[in-house]
Amino acid sequence: MKNALICAAAFAVTVGYAQAEEVTLRGATGFATGTAFSRPYEAFVDWINENGEGVLQIQNVGGPESVPPFELGNSVSSGVVDIANVTAAFYTNMLPEGDALKLARNTIQEQRENGCYETIDTLHQERMNVKYLGRTGDHVNFHLYTTQPLETADLSGLTIRTTPVYQAMFEALGATPVTTPPGDVYTALERGTIDGYGWPIQGVLDLGWEEQTGYRIDPGFYQVDVNILVNLDRWESLDDEQRALLEEGMAWLEAQNENNLTINEEEAAKQAEAGIETIELSEEEQAKWLDAAETAGWDAISAVNADVAETLRGCLGE
Ligand code: 173
């Protein structure tokens, strides 16, 4: 009896020690807190903190004011932050092929089914030392917004703010591109140093840009990718329960991507109310517009890495 008690006590101690302590990850977002492309990540952080008591928590260290958006890839790669909410266009310095994610025509759920997720995750792990946890932004297209009306797909003579998302396309259509983080767009418009900017259908009003925007050019093109990345060393240091929690939270978040279809309509209506006029290109000009997007977009990826371009083209749809 005495021996049994000692055994039980020893077992309890062992189990007690074996249980991992609650871990806190330091997180950062590449988009201003509370705006369209940060909100899904913030909801994810809340979900994890609610469901992960005693297991894992995320503490936000902030947005672009803490880590400049184009440096966030480096920060999560080196472990300055443990988890990041960031679009691939902001970390092309580390993974230029990541720019292909915008060319997806399918959803992250389909990419998980057809093996594309694994290819993308492997690229991130090998080249950036990060776990590609998952993706938000499905169903959200990008647009060109301008200060002056535009009649054709010809952008020659116009200086347009870009990121790697729009660079190849806008150049192919004749624009002079200027790359800036989102935080510089308002001032560039105000000073008249740009004639327009690339941005998704969502978020313009969150940033106050409607004051400086005359027109949105339709149709939209590409598909937003805002990805959640976890430093790989940190990921590997987590136990199964902690990783499962992050994956479950990510699946929960990805399931909400379909809400974007409704949000897009609401945002278009809000833009119209705020005085942004929609310019619908003619059928002929639309064809040039969308062809430039697709052709210049994939050509840029192929120029960087033809093999990866071919694999991704096969699994990101069409
Ligand atoms: O325009 C941008 O800054 C950009 O590349 C982007 C990407 C995804 C979502 C929002 C903006």
Side-chain angles (χ1 to χ4, degrees), residues 28-42 44 63-65 67-73 84-104 107-108 120 132 134-146 155 159-171 175 177-189 194-210 212-213 216-217 220-229 253-254 256-257 259-260 263-264 267-268 271 293 296-297 300-301 316:
T29 170
F31 295 94
T33 306
T35 62
F37 300 105
S38 190
R39 282 197 291 269
Y41 164 75
E42 290 159 30
F44 169 81
E65 71 290 348
V67 183
F70 296 165
E71 286 169 33
L72 189 48
N85 177 60
V86 61
T87 178
F90 293 176
Y91 54 83
T92 48
N93 59 326
M94 305 195 81
L95 185 63
E97 298 92 329
D99 196 29
L101 299 186
K102 71 185 181 202
L103 288 148
T107 62
I108 182 65
I120 296 164
Y132 180 76
R135 169 171 178 156
T136 66
D138 284 354
H139 311 296
V140 184
N141 294 156
F142 294 90
H143 288 263
L144 171 66
Y145 297 84
T146 59
L155 300 179
T159 302
I160 307 288
R161 175 269 175 183
T162 78
T163 66
V165 167
Y166 331 90
Q167 175 99 10
M169 171 188 175
F170 290 172
E171 257 179 351
V178 183
T179 300
T180 83
D184 293 353
V185 172
Y186 189 93
T187 311
L189 286 166
I194 54 172
D195 302 304
Y197 58 89
W199 191 259
I201 186 70
Q202 296 184 19
V204 171
L205 281 90
D206 293 336
L207 296 153
W209 296 350
E210 76 281 7
Q212 304 288 340
T213 306
R216 187 189 70 244
I217 314 304
F221 49 89
Y222 301 149
Q223 181 167 242
V224 166
D225 64 278
V226 178
N227 310 300
I228 299 193
L229 311 180
L253 189 65
E254 287 175 349
Q256 296 182 48
N257 283 345
N259 297 342
N260 282 327
I263 301 172
N264 293 343
E267 291 267 336
Q271 287 181 13
I301 310 299
L316 290 174

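In each ligand, atom 1 is the first atom listed, and ligand 1 is the first ligand listed. We use all heavy atoms of the structure for the numbers below, so side chains are in, but hydrogens, waters and symmetry mates are not.
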K.L.:
Do me a favour and list the nearest non-hydrogen protein atom to atom 6 (C) of ligand 1 with residue, atom name and distance?
P.N.:
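For atom 6 (C) of ligand 1, the nearest protein heavy atom comes out as F142 CE2, 3.9 Å.
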K.L.:
Considering heavy atoms of the protein only, find what lies nearest to atom 9 (C) of ligand 1 and give residue, atom and distance to 0.1 Å.
P.N.:
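The closest heavy atom on the protein side is F31 CZ, 3.7 Å.
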K.L.:
Can you check whether Y166 has an N/O within less than 3.5 Å of an N/O in ligand 1?
P.N.:
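N/O-N/O distance under 3.5 Å: yes.
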K.L.:
Out of curiosity, is F90 lining ligand 1, as in a heavy atom under 4.0 Å away?
P.N.:
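Contact check F90 vs ligand 1: positive.
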K.L.:
Restricting to ring pair (Phe, Tyr, Trp, His ring centres under 6.0 Å), what partner residues turn up for Y222, sequence neighbours left out?
P.N.:
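Listed in chain order: nothing, the list is empty.
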K.L.:
Under a 4.0 Å heavy-atom limit, does Q223 contact ligand 1 with its side chain, its backbone, both, or neither?
P.N.:
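Under 4.0 Å from ligand 1, Q223 contributes no heavy atoms.
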K.L.:
Nearest to atom 5 (O) of ligand 1, what protein heavy atom do you find, and at what distance?
P.N.:
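Closest protein heavy atom to atom 5 (O) of ligand 1: T163 OG1, 2.8 Å.
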K.L.:
Applying a 4.0 Å heavy-atom criterion (strictly less than), which segment of P200 is in contact with ligand 1: side chain, backbone, both, or neither?
P.N.:
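Contact part for P200 vs ligand 1: side chain (C-beta onward).
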K.L.:
Return yes or no for this condition: an N or O of R161 is under 3.5 Å from an N or O of ligand 1.
P.N.:
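Right, the criterion is met.
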K.L.:
Suppose I only count heavy atoms of V165 and a 4.0 Å limit; which atoms of ligand 1 are within that range?
P.N.:
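So the atoms of ligand 1 that pass are 5 (O).
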K.L.:
For Q167, which of T162, D99, I160 qualifies under side-chain contact (heavy atoms from CB on, under 4.5 Å)?
P.N.:
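Only match with Q167 under side-chain contact (heavy atoms from CB on, under 4.5 Å): T162.
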K.L.:
Which atom pairs, donor and acceptor, lie under 3.5 Å between side-chain atoms of residues 182-189 and protein residues at least two apart or in another chain?
P.N.:
{"residue": "Y186", "atom": "OH", "partner": "E211", "partner atom": "OE1", "Å": "2.6"}
{"residue": "Y186", "atom": "OH", "partner": "Q212", "partner atom": "NE2", "Å": "3.3"}

K.L.:
Taking 4.0 angstrom as the limit and counting only heavy atoms of G198, give me the atoms of ligand 1 inside it, by number and element.
P.N.:
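The list of qualifying atoms is 1 (O).
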K.L.:
Among all protein non-hydrogen atoms, which one is nearest to atom 11 (C) of ligand 1, and what is the separation to 0.1 Å?
P.N.:
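Result: W199 CZ3, 3.5 Å.
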K.L.:
In a check of side-chain contact (heavy atoms from CB on, under 4.5 Å) between Q202 and each of V140, N141, V224, which one passes?
P.N.:
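Among V140, N141, V224, the one that satisfies the side-chain contact (heavy atoms from CB on, under 4.5 Å) with Q202 is V140.
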K.L.:
Mind checking the CG-CG spacing from L72 to L229? Nearest 0.5 Å is all I need.
P.N.:
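CG of L229 is found 8.0 Å from CG of L72.
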K.L.:
For ligand 1 and T87, I'd like to know whether there is a polar contact (N/O to N/O, distance under 3.5 Å).
P.N.:
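In fact, backbone or side chain, T87 has no N or O that close.
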K.L.:
Anything under 30° is parallel, anything over 60° is perpendicular, the rest tilted; go ahead and classify Y197 against W209.
P.N.:
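Judged by the thresholds at 30° and 60°, the geometry between Y197 and W209 is perpendicular.
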K.L.:
Do you know which of V86, N93, T179, T92 makes side-chain contact (heavy atoms from CB on, under 4.5 Å) with F70?
P.N.:
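When side-chain contact (heavy atoms from CB on, under 4.5 Å) is applied between F70 and each of V86, N93, T179, T92, only T179 qualifies.
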K.L.:
Tell me whether R161 contacts the main-chain N or O of P177 through its side chain, where contact means a donor paired with an acceptor under 3.5 Å.
P.N.:
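Flag not set: sc R161 to bb P177 has no pair under 3.5 Å.
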K.L.:
Can you find a pair of side-chain heavy atoms, one from Q223 and one from K102, that are under 4.5 Å apart?
P.N.:
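They are not in contact (no side-chain heavy atoms under 4.5 Å apart), so the answer is no.
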K.L.:
Distance under 4.0 Å to a non-hydrogen atom of P182: what atoms of ligand 1 satisfy this?
P.N.:
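That gives atoms 3 (O) of ligand 1.
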